Structure formats: C-alpha cells, structure tokens
Amino acid sequence: MTSNAYDPRAIETKWQERWESTRAFHTQNPGDPGFDASKPKYYVLDMFPYPSGAGLHVGHPMGYIGSDIVARKKRMEGCNVLHPMGYDAFGLPAEQYAIQTGKHPGETTAENIATYRRQLKMIGLSYDWDRELSTADPSYYKWTQWIFTRLYDRGLAYQTEVPVWWCEELKTVLANEEVINGRSERGDHPCERRPLKQWMLRITAYADRLLEDLDEVQWPESVKSMQREWIGRSEGAEIAFPIQGPVVDPLVVFTTRPDTIFGATFMCVAPEHPLLSKLTSVEQRAAVEEYVKAAALKSDLERTDLAKDKSGVFTGGYALNPLMDSSDPKARIPIFVADYVLGSYGTGAIMAVPGHDERDFEFAQKYDLDVVEVVKPPQGTPGLADGVCFSGKGTAVHSPPIDGLPTDDATARIVALLQERGVGAAKTTYRLRDWLFSRQRYWGEPFPILHLENGDRVRVRDEDLPVELPPMDDFTPSEDGSAPLNRAQDWVQTTDPVTGKPALRETDTMPGWAGSCWYYLRFMDPHNAGAAFSQDAEQYWGNVDLYIGGVEHAVLHLLYARFWHKVLYDEGVVKTKEPFQKLFNQGMLTAFAYKDSTGRLVPANEIEERGGKYVKRDGGEELEQVIAKMSKSLRNVVNPDQVIEEYGCDTFRLYEMFMGPLSDSKPWNPRDVPGCRRFLDKVWRAFVDVDGTEAVRPNLRQDAAGELQGDALALERSFNRALQRVDASFEHFNFNTAIAALMTFMNDVGKCAGALTRSQAERFVCVLSPFAPHVAEELWSRLGHEGGVTHAAWPKLREEFLVEDTYELIVQIKGKLRARVQAPKDADNAALEALAKEAAAAQLEGQTIVKAIVVPGRLVNFVTR
RNA sequence: GGGGAGAUGGCGGAACUGGCAGACGCAUCGGACUUAAAAUCCGAAGCCCUCACGGGCGUCCGGGUUCGAUCCCCGGUCUCCCCA
C-alpha cells in the first residue's frame, strides 16, 4: 500500500541510505579530484566522545545537533565544510571493566564504538564518515607517539620523582580525581601521597604563551579566565633568609609582596621541604615528624582550603630578616612547618606577614604570634587598627627604607635593595605545574622509549613507530605498583635497533588526554600513512573555526591541546598559533526528578501523576518536581533510540533545539516532544495532500506568474520575517527562536490555504533543512529537484518585504499603556503626537500635558499633571 | 572556599540598542468534524476585582536612576555549573 502520509521512519531510512551511498557529506582535500579551492573553508568540530558502555543519552547529541545545523547551513552558503567525528577510545573504564570481567578493553571499546556510530548515524548528523577515527587505533596512536618523540627531543618530556596518590589496598597509583578526601573512589580505601618516578611534560615552559595567546581566540570570557587562573602567573620576588645556627643554606621564599618584608614575623615551610629536617631542633623533632606524616594523607585542596583550620608546628629553627641588622632582636624569625604551604608551588616556603595576608593572619591568631602593620590602608578602608587583616595596596609604614612609599614603588625599592645585597631578585612564578603524563595502566598509548642496560634512555626511531600494545589478558595492578605491561616480558625485553644491545621497553602508558590533544589535526588528513597530516591539508584547513563541547573541558583538555599545538607550531608542522578559533559551550541537559518530604529524590519509575500532582506510586505521598542531572540511579535517563523510534529523528532534532538556547541548561520534558512532531505533520500537509497520490500539492508544481499580492504577498512578508530570525539565531546558537519563527510561518501558511507559491515552498524547505534534514530532503525531491537540498543555496533575505505600510503606535500616559493606533510608517514626530493625542483623547481629558516623548516607530508617551 | 552563569505564567522558553512583558511550543479549558474515539481544525487563557465596560497588580526580594526598567546601578535571597 502506498500512502502519501508523513512516515518519518521510511523517509529517514531512505535519506540516510542515500547520503551514505552518495557520500553526500564527504569533503575533498586540496589535491583531491573535484576539490574547489575557490570556496571558503569552514571547520566545525564537536568534542569527540569517550565511548562508554551505556551508549548515548539524549544529552550527548545536543551539541552535535547544534554543530550539524551550523555545518549544513555553511554548506548551503557555499563553504567547503570539514565536519568529522571520532572516538576518544583509550581510558580507564574499559580497563576496569576488563579487570572485573576479563574481557579485553580493545573488544569492549570496539563494541561501544559500534553502538555510538549506530546512534550518531541514526540522528542524521552530516559527518564525513570517511574521516572517522579512534585514538586507540595503532594507525592513529603511531602519530600520538610521534608527537611525543618531538616533545622528548625538545627536552619537554622528562622523568622525575613526584608525589602521587598511592592506594596500598588496591596496589596502584590513582589519579587526583579518583581520590576523594584521601580515600579511593572505588572501594573507599585509604590512600597516601608517595614519591614515584613519573613522566612529566614541561608545559610550564609554555605558560606565558598559553596566557598571551588567549587574546587571539574568540572563547567565552569565563573559559579564558579559568585558563588564566589555572596558569596563575604571579609576579614577585625570591628572597633568601639566612638561617641562624649551623645550617648553611639560606631559606628561599617566594612572595608577591616583597614590600611587606618588615612585617614578616614568622616563616612557614612545606612538610615536603628539603631543608626541614636540618631546620628542626632536637626538642621539636618528634612533633615535626608526626605532623609531616599526617600531612601526607591530605590532598593539596584540603591543605589550602581557606575554610579549613590552618595548622602547623614550630621547628625550633630561626631565620634572619636579610634587610635588618642581625643583632636586632626583631630580625630573628621563628620557622614553622605548615601544610597550607605547598612544596610544589613557589619555593615551598613563605615569609608569613600576618598583618597583610589572610592565611598568615589566621595562623598567627591561632598560635598567638606577633602581628605588625607595615602597609597602611587607603583612607576609609579598615585595616589592623580595626582588628582586621588588610591585604590590598596602601602606604608602607614601620619599614625604614620605604616608609611613606605607595605599595608599587615600595615593592620596586625592596627588590632593588635585595638585589644590591645579593639576597633576592624579582621573580615570576606560576600556579601551573608540569603535566604528570604517565599512568601505570594498560589501556593507553605506550611510551616510545627504550631503557638500555647502562641506564641510558633512548626514544624509539620514527621508522619503528608505532610501539603497539602487546596482547594481554590480565590487567590487574601488580603488588609493587608497576604497570600491567611489566608482566608482558616478551614485549618488554627487546633490542635497541641502533646498538643491537638488549633494552627494556617503558611500561607506563600515556593518560587519556594524550589522544585528544591533536585529533582535530588528524581529521584534516586521517588516512595519511607517511605523516600525522600533510602540510597541504593543514595549510588549507588552518584551525578549527568552531569548536563545540561541554564546559567541563574548559581547563585541562583545552590547555593540553593548546600546549601540543604550540609545540607543533615550533616544530613547523602547523601554521596557526592556536588550535580552536571559536569555542562554544553547550548547556547541560537535565531531567525532572521528584523529591519527597524528607528531600530524598525518588526514582522516576516509582512516580505517577494524579490530577496535575506528582505522587509516589505506593503510598501516594505528594512529591515536589525539581530539576536534576540525568542519572542511572534516578532512572530518569532518556535514550535517543526510544524517542526516534516513536517520533522520528527530525522530531528529535527539532525538540533538542527547540527546548531553549544551546548554551543553557534545560530539562528534557517528554511531554513537549509531540509538539515538534505536530509541526512537521503540519509542514507535510502544507506540501502534500495526504489523501491524494500527487507528490506535491498542485499550487507548488510551478512558479506563480506575476507580482505577489494578497495572501501570497502576506506569506512572502511572513517568510522573510522568519528567515531574518533564522539567520539571526546563528549568532548565539539560540535555534529555539529559529524554530519558533518557522512555526509562526507555518501557522501563517495554514491561514492562507493554497496561497503558498512554489518559490516560497522551496525557500522554506531550504531553511528547514539544517534543522529537520530528512523531511526537507524528501520535500525537496518531491518538488522535482535531483540534487539534494544539502547543497542547495541558502535563501537570501529580501528586505523589501520586511517593511509594512503602517505600524501600531503605542500611546502611553505617564509610562502606562493607554491606547494603540495605526500610524503610517514615515509619519514625522508632530504627526505621531497628533495621532496619539487623538487616540488617547478620552484618557487625556482634564489633564495637562507637560511633555510628550515621541519615539518614531514605537510609541508616544505623554507626561501629564 | 573561590570563580562563573542564572531567576519571567501551571511547564520549557520569547522580548531589537531602556520603549506593547509572556512570541513559539507543551499542558489546560471550550467549540467544530465524528455513531464514538483518535487525529485535525477554530477559539480562550498571567494573577486579582468586575455580569460587562473597564481597572488594579505583575519579570526572585528591597532600594535607586529615568518620561519609561525583565534590561542600567546599589544591597540582599535562592538555584545551577566549574574548580572537584
């Protein structure tokens, strides 16, 4: 039976197959046959997913649909569009799953990828599938290793002992995010910080460039400032304080406020500080050692949290203020060990100025230490005189060489003095630390490094890449904390091809971030076997024009990728300084959840609706509707498969965008979905007589002759208003307003039955197509077009149809709406005022007009007495 | 704790540059078509007073600037996100 009804499933299957078989979204590279260099390029990229076992829920595709809409419109505007997708396939969950089930992570990952691919295709996303990639594929990670070797050759990769989280129970090193309050996230076992030999990347060498070049990109200010704070550049000075007694090395501190040196009444060193044991007196040794042990169990966050109590122990040692006479009793400064000082920041020691630093102030109060005012706050600002600590800029006092100087001058003077006496110098430090780059795991990129018998380390030659992961079936961590790869001895024991001598392979692997640092570059030339990507491809595609993803990657992923990009820039293989020109963060998709009277969230499947109220199925307790993240435990996760099955993929796409601006968080409401389906039904019926057999309605078969008038003219105006709003929606990605505009136009079409012209119908289909591509393709083809709507031209706005002859003038009296009247579009102020006076004559009765404010095109406001 | 974003009908949201608050959709109610239902179409609807005409109130709360404030300024409350 052939039906003329709207059948999304049939249409969507048909066009998805057609797109696939014609490679409709395949993008040519320079040098490919058919490549048109005259078209502008546009590279629009999604942050690729980690293919988890759960598959996609309706939140994931939100950004993908947004970027797809942009990609489709850019194609219609005549751009060469690069719009690829891949998988960030290495990572911990697959390995944990392997430990539990024995299933190889490669197998799990391949299955998950298959699910993701199926789901992504089902959504009708216009990716160039020929460019699909997986970071766990040796043909990809060969080049991840290749880039690592460039870093290694440049001295940007090194091994060193750093404190890392170690869990004795699990016999493994854990990442920061796997440790919560000093206990393992899995199993809740105690963890401690332990120094272990790790690979580090010298990202700090790029700190200034990573900071400066933020000015070149169009990113949300919030993300830029997060990166700036993460890098945390601060200018100040390093000062060497001689130690009283037998210790020869001075205690070097970093401070951003050298001008407050005369206010330093005590010093603090980190528990990890190398001089600590030398500083510690015999009497204090036991207390200090105990303190150091306790500190090892805390995270940096716990240690530095401003809300937490500051703690410390006197070491028994004293330092001397280098700018004071050593015989002056005030020059003698007691030294404490305190864990709010971090070994990894600055020099691991501070001069504490309790008068002008909140943390030092708190510490001094707790341990009853001297507080001296050395900066007088500006007039009106409370300071020490009022019993509060002042940390801003002011005027130096009680500081002989700089008394009376404003803070900036005082700082410069002190730095000069320190330098003169050889006890200090200006110094810039960063919060950013080198990147801990190794993991004692199996499912990651092996390091292309060989350890020789004599202790030397060499990198694997380019021609021997990739270093592939050996097949293994046991991924549990070893007793001694070494990586699982250490047990693949056939693989570990190898020969250095240069010297022919025996060598051991590095058994750590790279972290999950590695593969995602450069995937946007591989997409430009994904099958290149001789290079990571060709120079021609990189030259043409440049950087990513629009990068869409979640704000959770604001710091780490984006900073790491920028770092690698800059290294590649120095290496001469990329020509752009920054990888992502414009960044856009989509909002989070939430769902409704229900709270009982105790505030507990009740799983969605234990709830029912009774007369507009939400109640618990058993017991009938009334519940409050709130908004929460989609989560397995609340059973409020919505799967796209079900939605698409029931309503079709075009409806799904439309609803995802219609919910609200792409950047906002918003709740998924299954009740709203049918509204979008109804809109598509309406569109279909405007084009197709569902009871007939014709492809399209008769009035759409050929162009209407002559000038537009009546309903056709009204529709032309309506269409152009809609088009204007659609075009505008691409500025801020608030596609909800674009869809609302299309709906308004369709409502107008419904009011003017039969008046829709072929030209209007065609342009409408074009504008609809980025949002609901399948139904648009079907209607486009029914209108008799051979080529797909994918490459049809985007309609041009015709401004002459935006102006009406008259408009509704608002008449206000003292700012309150009192009347409306039709006004000619070019009436002058006097005419408008006269018109308004007449329209509001009744309300103006008995009042004196003091003033009339006339805003042509909008309103007249009478101020009366 | 720090940083950021936000708060508009029963719900999601709209509102150009300070100028008609509530577009569009959902849910609701009424009507048409139907033997009936579904689907579809038409209509109503922020809240309060009023039979109605009409009026009052209204964009988290309290102030301010302005002829006029959802929008700008000051103070506060709450929510969400990120650092984690």
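Note that the coordinates shown come from a computational prediction; the quantities given were computed from them, not determined experimentally.
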Completion exercise
To the nearest angstrom, the NZ-P distance between A/K666 and B/rA5 comes to 17 Å
Handout entry: Criterion salt bridge (charged side-chain N to carboxylate O under 4.0 Å, His left out) on A/K666 and A/D664, from CA distance to verdict
Key = CA-CA 6 Å; A/K666 46 210 177 280; A/D664 288 7; over 6 Å; no
Handout entry: Rounded C1' spacing from B/rC80 to B/rU34 in Å
Key = 49 Å
Exercise for the section: Kindly point out which of B/rC24, B/rG12, B/rC67 is positioned nearest to the side chain of A/T744? Expected result: B/rC24
Fill in the blank from the handout: In whole angstroms, the gap separating C1' of B/rC83 from CZ of A/R433 amounts to 13 Å
Completion exercise
Comparing nearest nucleotides in RNA chain B, the 5'-proximal residue of the pair A/G815, A/W230 is A/G815
Practice task
Using both distances under 3.5 Å as the test, list the Watson-Crick or G-U wobble partner of B/rA14, or none.
Solution key: none
Exercise for the section: Counting Watson-Crick and G-U wobble pairs only, both distances under 3.5 Å, name the nucleotide matched with B/rG6, or none. Expected result: B/rC78
Practice task
Could you give the distance separating B/rA27 and B/rA45 at their C1' atoms, to the nearest angstrom?
Solution key: 12 Å
Practice task
Before accepting this row, confirm whether a basic side-chain N of the pair A/R685/A/D681 lies closer than 4.0 Å to the acidic partner's carboxylate O.
Solution key: no
Handout entry: side-chain N/O A/N736 vs B/rG25 OP1/OP2, d < 4.0 Å
Key = no
Exercise for the section: Verify the ring-centre separation between A/F733 and A/F584: is it less than 6.0 angstrom? Expected result: yes
Practice task
Provide the Watson-Crick or G-U wobble partner of B/rC83, both distances under 3.5 Å; none if there is no partner.
Solution key: B/rG1
Problem - Close aromatic pair by centroid cut-off 6.0 Å: A/Y655 and A/Y647 - result: no
Donor-acceptor pairs are to be reported for all side-chain atoms of residues 744-753 of chain A against protein atoms at under 3.5 Å, with residues two or more places apart or in another chain.
{"unit_1": "A/T744", "atom_1": "OG1", "unit_2": "A/A740", "atom_2": "O", "d": "2.8"}
{"unit_1": "A/N747", "atom_1": "OD1", "unit_2": "A/K682", "atom_2": "NZ", "d": "3.0"}
{"unit_1": "A/D748", "atom_1": "OD2", "unit_2": "A/S718", "atom_2": "OG", "d": "2.7"}

Fill in the blank from the handout: From CG of A/L817 across to C1' of B/rG55 the rounded distance in Å is 13 Å
Handout entry: Separation of the P atoms in B/rG25 and B/rC33, to the nearest angstrom
Key = 25 Å
Practice task
Answer with base, sugar-phosphate or nothing: what part of the nucleic acid does A/N747 contact at a heavy-atom distance below 4.0 Å?
Solution key: sugar-phosphate
Problem - Integer angstrom distance from the P of B/rC16 to that of B/rG64 - result: 26 Å
Practice task
Go ahead and name the base partner of B/rU59; Watson-Crick or wobble counts if both distances stay under 3.5 Å, otherwise write none.
Solution key: none
Problem - Donor-acceptor pair present, A/R671 side chain and B/rC26 base, under 3.5 Å - result: no
Handout entry: Check: A/L210 and A/L559 side chains under 4.5 Å, non-hydrogen atoms
Key = yes
Practice task
Provide the distance between the two P atoms, one in B/rU70 and one in B/rU77, to the nearest whole Å.
Solution key: 23 Å
Practice task
Determine whether the side chains of A/N734 and A/S729 contain a donor N or O and an acceptor N or O closer than 3.5 Å.
Solution key: no
Problem - B/rU8 and B/rC71, which share atom name C1', separated by this distance in whole Å - result: 12 Å
Exercise for the section: Describe the nucleic acid contact of A/K751 in one word from base, sugar-phosphate, nothing, applying a heavy-atom distance below 4.0 Å. Expected result: nothing
Exercise for the section: Mind checking A/P674 for me? I need base, sugar-phosphate or nothing, with any heavy atom below 4.0 Å counting as a touch. Expected result: nothing
Practice task
Would you classify A/E221 as touching base, sugar-phosphate or nothing, given that sugar-phosphate means primed atoms plus P, OP1 and OP2, and contacts are heavy atoms under 4.0 Å?
Solution key: nothing
Fill in the blank from the handout: Against the side chain of A/F658, the closest entry in B/rA15, B/rG3, B/rG12 is B/rG12
Handout entry: Spacing of A/D748 atom CG relative to B/rC24 atom C1', expressed in whole Å
Key = 12 Å
Exercise for the section: Using the C1' atom as the reference point in each nucleotide, state the distance between B/rC26 and B/rU65 in Å, no decimals. Expected result: 39 Å
Handout entry: Contact nearer the 5' end of RNA chain B, comparing A/R685 with A/M659
Key = A/M659
Exercise for the section: Give the nucleotide from the list B/rC82, B/rA27, B/rG12 with an atom nearest to the side chain of A/R678. Expected result: B/rA27
Handout entry: Complement of B/rG43, any strand, by Watson-Crick or G-U distances under 3.5 angstrom
Key = B/rC29
Exercise for the section: Taking only the side-chain heavy atoms of A/V551 (C-beta and beyond), determine which of B/rG25, B/rC82, B/rC24 contains the nearest atom. Expected result: B/rC82
Problem - For atom CD of A/Q227 and atom P of B/rG2, their distance in whole Å - result: 23 Å
Practice task
Rounded to the nearest angstrom, tell me the gap between atom CD in A/Q812 and atom C1' in B/rG68.
Solution key: 6 Å
Exercise for the section: Can you figure out which of B/rG4, B/rA14, B/rG13 approaches the side chain of A/R725 most closely? Expected result: B/rA14
Problem - P-based separation of B/rG1 from B/rC72 [nearest Å] - result: 27 Å
Exercise for the section: Could you state the atom-to-atom distance from CD of A/E229 to P of B/rC83 in whole Å? Expected result: 13 Å
Exercise for the section: Classify the glycosidic conformation of B/rG6 as syn or anti, calling it syn when the angle lies within 90° of 0. Expected result: anti
Handout entry: Distance-only donor-acceptor test, A/R858 side-chain atoms vs B/rC16 base atoms, 3.5 Å
Key = yes
Completion exercise
Partner of B/rG68 under the Watson-Crick or G-U wobble criteria, both distances under 3.5 Å, comes out as none
Practice task
Mind checking A/N861 for me? I need base, sugar-phosphate or nothing, with any heavy atom below 4.0 Å counting as a touch.
Solution key: base
Exercise for the section: Report which part of the nucleic acid A/R818 touches: base, sugar-phosphate, or nothing (heavy-atom distance under 4.0 Å, all strands). Expected result: sugar-phosphate
Exercise for the section: Using atom CD1 of A/I739 as one end and atom P of B/rG25 as the other, report the distance to the nearest whole Å. Expected result: 12 Å
Exercise for the section: Can you spot which of A/F563, A/Y50, A/Y560 makes a ring pair (Phe, Tyr, Trp, His ring centres under 6.0 Å) with A/W513? Expected result: A/Y560
Exercise for the section: Classify the nucleic acid contact of A/V855 as base, sugar-phosphate or nothing, counting any heavy atom under 4.0 Å across all strands shown. Expected result: base
